[in-house]
Trainee: 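Input: one structure, supplied below.
In this text, all values refer to a predicted model and were calculated from it rather than measured experimentally. Heavy-atom basis, side chains included; hydrogens, waters and symmetry copies ignored.
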Amino acid sequence: LKALATEMADMVSIFMSIGLNEQKAKETLKNEALSSTLKKAIEQARGLLGSASIDKTAGTMLYNMVTRLKDPTRLSFLTEYIITRKINSELQLSAALDFIKSHPQENLDRLEFEAACGVGVVVTPEQIEDAVELIIRKHKDQLLAERYRFNMGILMGEARTALKWADGKIVKNEVDMQVLHLLGPKTEADLEKKSNLEPKPFLHKICLLFVGEANTEGKSLMEQLRGEALKFHKPGENYKTEGYVVTPNTMNLLKKHLEETGGQVRTRFPPEPNGILHIGHAKAINFNFGYAKANNGICFLRYDDTNPEKEEEKYFTAIKEMVEWLGYKPYAVTHASDQFQLLYDLAVDLIRRGHAYVCHQRGEELKGHNIPPSPWRERPVEESLLLFDRMRKGMFAEGEVTLRMKMVMEDGKMDPVAYRIKYTTSRTHCAPKSFRRSSYFWLCNALDLYCPVQWEYGRLNLTYTVVSKRKIIKLVETGIVRDWDDPRLFTLTALRRRGFPPQAINNFCARVGVTVAQTTMEPHLLEACVREVLNDTAPRAMAILEPLKVTITNLPTSAQTEVRVPDFPANEAKGSHVVPFSKTIFIEQSDFREKGYKRLTPDQPVGLRHAGYVISVQRVIKDGCGKVCELEVTCASSDSVEKPKAFIHWVSDPLRCEVRLYESLFLHKNPEDPAEVPAGFLSDINPNSLTVIGSALVDRSVGKAKVFDKFQFERVGYFSLDPDSTSEKLVFNRTVTLKEDPGKI
């Protein structure tokens, strides 16, 4: 055992040597096939490098290659290309894996392989600039006519085709910069929404009226929901629903129900309080609460508290909090356990009517579809009543007996279990399971009760994530994420912490619509809804993630003025804030290059946003490693010099803050799919899903921000203040980038 422990510790060290953190290394070790293959790749890489170590970039590439490689005979082949830097980007690696998958023959044509993977192709900034310039020229007339209403995706698509192996972010920045150079900054007219545009299909209005001809004005959410909702019955017309069972007493029960409710629409949202709500629940919340609200009805929050071992008070609290965060207020909060005595009495009634019996087959024997008929099916009613009373009093061992209903379910399963024994401290004692479809109708009719229609709709899923409670708990327990509200997750608490506005989530659910089939959406569609809301609601500020010091030599040391910055440049009437401007400012390192650039260079001045100044480089100062660490510049009023090609953001006398940048938690689109991720979802964690910048700078206008306040950091992205913030140091989460990354589509 000691030798085994030493061997495992050695393997963890080997994996950490390529850049994996300790937790990731230990998780990898749990997968014998993966760890063995990764070890082989590392050993070969070390053989190729000699005394040199494997840097983190190459280590990440090796790890990604090993987790995705289907043909282990190509391991050495690909390892060589990664370590020799012939394959050095995710784009090239994907192309290499695709080529190998489509060329299973033993001898690969290296020249063909290298051509397919862009080996040796170097795309210079000048080539990117020239290619984008040609594309802009091609569409110049249409761009000038439509300005920022032009579909910029066309430009990106053509640029990516022309520059296949170029860095997508650099290409995107070049396109944005050249468009800005051609059109200038956005005007108020550019930012105005066109009123004559055809509405998108998911925004078409629908009138879903149950009672009379009620006015639909102000019911925008329900107007946007479409599809299956059109099939809803009117109050009192349950029997018109497909599959509804009509008994001799149905019409009397419906009439009595209408008298009691006055024809009011009543819905309920019934979550299980054993986890935190996720994006899929947001769809159910919007539909249940939104539908009731749109039709002057009421919606209950009904906790399905029937699994006491997994229920915690924090889940009850968080569920209600998230419902209210999305903008809904339950008419009442109830629990399944509130009805325990009633449910027990109904079970007794079911036995008396001859529709249920006590069975001595254990619970595990009743799983599956081919369950043989129970020998106790014809047990006398009085005997079942006596045994059921003993069940309630705890006179049987856990799982020893159950109460089963005498029916055949639509899937062919006989006599489903209605009650079982569970010994635990809880709100609920013996708890009934929920019944669906024909079994639900059967139960109501067997007891001669009013039978509401139970509508079921497809689950909403997102790619590049998991929403299963069990899997999220695993992510938390293994330390991959901090808790249920880690901003890389798609729980509602996580989305709130990341800065997603509730309006954006509601809009997303409305656009998805109500569908019977399971729906799987891309995260970028949700992010687009977030940008729409934040563009109108998040005040602007300036922040620098990678600061470069700039000293303005023609300003005196004591010089300090104030610059007024609009909170919303497209509508300055919405307010503004003041930031200092002095001899020392900071800009992004990426906004300066020593040559060949359309922003700041020794030969290319730039404007400072909102300041009214243009700066020109006089001296470039470098540290001992040759890295630019400071610029000395002169500034001139923008009125006195030629208009610069670009304007950049800056800060002066800023606050130091921490910024957390998030990417997808998983590498593959469907991390739960064994075909995509054979080693399981825990093996698919993106090592770059979180980047922490500990010494970012932000202007002082955000100094009094409250937790969850949202801002647009100009030219950087949308950010939200994290609960980890203190009076000494603010912490910001990047909610979304300013524009969609074309690589996500």
Trainee: Quick one: list whatever passes salt bridge (Lys or Arg N to Asp or Glu O under 4.0 Å) with Lys474, sequence neighbours left out.
Mentor: none
Trainee: Mind checking whether His355 and Trp442 have side chains closer than 4.5 Å, heavy atoms only?
Mentor: yes
Trainee: Checking Asn733 against Thr735 for the side chain to side chain contact (heavy atoms under 4.5 Å, CB included) test, could you report, in this order, the C-alpha distance in whole Å, the side-chain angles of both residues, the deciding distance, and whether it holds?
Mentor: CA-CA 6 Å; Asn733 294 318; Thr735 306; 5.6 Å; no
Trainee: In chain order, what residues pass the ring-ring contact (aromatic ring centres under 6.0 Å, His included) check against Trp325, with sequence neighbours excluded?
Mentor: none
Trainee: For the backbone of Arg531 and the side chain of Asn535, can you confirm whether one donor and one acceptor N or O come within less than 3.5 Å of each other?
Mentor: no
Trainee: Please state whether the rings of Phe681 and Phe666 are parallel, tilted or perpendicular, taking 30° and 60° as the class boundaries.
Mentor: tilted
Trainee: With a 4.5 Å heavy-atom cut-off, do Phe708 and Leu721 have their side chains touching?
Mentor: no
Trainee: Test of understanding: with salt bridge (Lys or Arg N to Asp or Glu O under 4.0 Å), list the residues that count as partners of Arg268, not counting sequence neighbours.
Mentor: none
Trainee: Taking side-chain hydrogen bond (donor to acceptor under 3.5 Å, both in side chains) as the test, write out the residues that go with Gln339, two or more places apart.
Mentor: none
Trainee: If you define the side chain from C-beta out and look only at heavy atoms, does anything of Arg734 sit under 4.5 Å from Arg498?
Mentor: no
Trainee: When the ring centroid of Phe269 is compared with that of Tyr328, is the distance short of 6.0 Å?
Mentor: no
Trainee: Honestly, is Arg392 close enough over Tyr344, meaning NZ or CZ under 6.0 Å from the six-membered ring centre and within 45° of the axis?
Mentor: yes
Trainee: Is the shortest side-chain heavy-atom distance between Cys451 and Leu253 below 4.5 Å?
Mentor: no
Trainee: Looking at Trp376 and Val358, what are the two nearest heavy atoms and their distance?
Mentor: CB-O, 3.8 Å
Trainee: Arg390 and Phe396: which non-hydrogen atoms are nearest, and at how many Å?
Mentor: CB-CE1, 3.7 Å
Trainee: Is there a side-chain contact between Trp484 and Ile473 (heavy atoms, below 4.5 Å)?
Mentor: yes
Trainee: Is there side-chain contact between Met391 and Met395, with heavy atoms separated by less than 4.5 Å?
Mentor: no
Trainee: Strictly below 4.0 Å, N to O, side chains only: are Asp415 and Lys406 in salt-bridge contact?
Mentor: no
Trainee: Do we see a donor-acceptor contact under 3.5 Å between the side chains of Tyr315 and Asn274?
Mentor: no
Trainee: I'd like to check the side-chain contact (heavy atoms from CB on, under 4.5 Å) partners of Asp724; sequence neighbours left out, ordered by chain and number.
Mentor: Arg482, Arg497, Arg660, Asp722, Val731
Trainee: Give me the atom names and distance for the closest heavy-atom approach of Pro452 to Asn238.
Mentor: CA-ND2, 3.7 Å
Trainee: Apply side chain to side chain contact (heavy atoms under 4.5 Å, CB included) to the pair Thr463 and Thr520, showing each step before the final yes or no.
Mentor: CA-CA 7 Å; Thr463 54; Thr520 300; 3.6 Å; yes
Trainee: Please name the pair of heavy atoms, one in Gly236 and one in Leu258, separated by the smallest distance, quoted to 0.1 Å.
Mentor: CA-CD1, 3.7 Å
Trainee: Do other residues, nucleotides or ligands put more than 12 heavy atoms under 6.0 Å from the NZ atom of Lys314?
Mentor: yes
Trainee: Carefully, step by step, assess Val466 and Leu475 under the rule side chain to side chain contact (heavy atoms under 4.5 Å, CB included).
Mentor: CA-CA 10 Å; Val466 296; Leu475 290 170; 3.8 Å; yes
Trainee: Quick check against the 3.5 Å criterion: does Thr519 have a side-chain atom that pairs as donor or acceptor with the backbone of Leu460?
Mentor: no
Trainee: Rounded to the nearest 0.5 Å, how far apart are CG of Leu534 and SG of Cys529?
Mentor: 11.0 Å
Trainee: Any pair with a residue in residues 666-685 that passes salt bridge (Lys or Arg N to Asp or Glu O under 4.0 Å), sequence neighbours left out, goes on the list, sorted by first then second residue, please.
Mentor: Lys471-Glu672, Glu522-Lys669
Trainee: Is it true that Arg266 and Glu260 make a salt bridge, defined as a side-chain N closer than 4.0 Å to a carboxylate O?
Mentor: no
Trainee: Got a second to check how far Arg379's CZ is from Ser374's OG, nearest 0.5 Å?
Mentor: 8.0 Å
Trainee: Does Arg404 reach the main-chain N or O of Val417 with its side chain, forming a donor-acceptor pair under 3.5 Å?
Mentor: no
Trainee: Among residues at least two apart in sequence or on other chains, which ones pass salt bridge (Lys or Arg N to Asp or Glu O under 4.0 Å) with Asp486?
Mentor: Arg488
Trainee: Mind listing the closest non-hydrogen atom pair of Asn686 and Ser664 along with its distance?
Mentor: ND2-O, 3.0 Å
Trainee: Enumerate the residue pairs fulfilling salt bridge (Lys or Arg N to Asp or Glu O under 4.0 Å) with a member in residues 350-360, sequence neighbours excluded, ordered by first and then second residue.
Mentor: Asp349-Arg353
Trainee: Quick one: are Leu489 and Asp483 in side-chain contact, heavy atoms under 4.5 Å?
Mentor: no
Trainee: Could you grab the distance from atom OG of Ser683 to atom NE2 of His668, nearest 0.5 Å is fine?
Mentor: 8.5 Å
Trainee: Of all residues at least two apart in sequence or in a different chain, which pass the salt bridge (Lys or Arg N to Asp or Glu O under 4.0 Å) check with Lys706?
Mentor: none
Trainee: Using atom types as modelled, flag every donor-acceptor pair under 3.5 Å from a side chain in residues 316-323 to any protein atom, sequence neighbours excluded.
Mentor:
{"residue": "Thr317", "atom": "OG1", "partner": "Glu313", "partner atom": "O", "Å": "3.2"}
{"residue": "Lys320", "atom": "NZ", "partner": "Glu324", "partner atom": "OE2", "Å": "2.7"}
{"residue": "Glu321", "atom": "OE2", "partner": "Arg496", "partner atom": "NH1", "Å": "2.7"}
{"residue": "Glu321", "atom": "OE2", "partner": "Arg496", "partner atom": "NH2", "Å": "3.0"}

Trainee: Set out, in order, the CA-CA distance, both residues' side-chain angles and the distance that settles ring-ring contact (aromatic ring centres under 6.0 Å, His included) for His278 and Phe490, then state yes or no.
Mentor: CA-CA 6 Å; His278 55 70; Phe490 280 83; over 10 Å; no
Trainee: Partners of Thr478 by side-chain hydrogen bond (donor to acceptor under 3.5 Å, both in side chains), sequence neighbours excluded?
Mentor: none
Trainee: Give, for atom OH of Tyr357 and atom OG of Ser384, the distance between the pair rounded to the nearest 0.5 Å.
Mentor: 9.0 Å
Trainee: Would you compute the distance between atom CD1 of Ile505 and atom CG of Leu492 and round it to the nearest 0.5 angstrom?
Mentor: 5.5 Å
Trainee: State, without any angle test, whether Asp305 and Ser337 hold a side-chain donor-acceptor pair at a distance under 3.5 Å.
Mentor: yes
Trainee: Looking at Thr465 and Leu462, would you say the former's side chain and the latter's main chain have a donor-acceptor pair under 3.5 Å?
Mentor: no
Trainee: Would you say the side-chain atoms of Asp345 and Gln341 include a donor-acceptor pair closer than 3.5 Å?
Mentor: yes
Trainee: Is a side-chain donor or acceptor of Thr261 paired with a backbone partner of Gly263 at a separation under 3.5 angstrom?
Mentor: yes
Trainee: Roughly how far, to the nearest 0.5 Å, is CG of Leu254 from CE of Met251?
Mentor: 5.5 Å
Trainee: Hey, is the main chain of His524 close enough, under 3.5 Å, to the side chain of Glu527 for a donor-acceptor pair?
Mentor: no
Trainee: With a 4.5 Å limit on heavy-atom distance, are the side chains of Thr267 and Phe300 in contact?
Mentor: no
Trainee: Can you list everything that forms a side-chain contact (heavy atoms from CB on, under 4.5 Å) with Val381? Sequence neighbours excluded, please.
Mentor: Ile351, Leu385
Trainee: If you look at every heavy atom in Pro271 and Leu277, which pair is closest and at what distance?
Mentor: CB-CD2, 4.0 Å
Trainee: Look at the side chain of Asp536 and the backbone N and O of Val533, then say whether any donor-acceptor pair between them is shorter than 3.5 Å.
Mentor: no
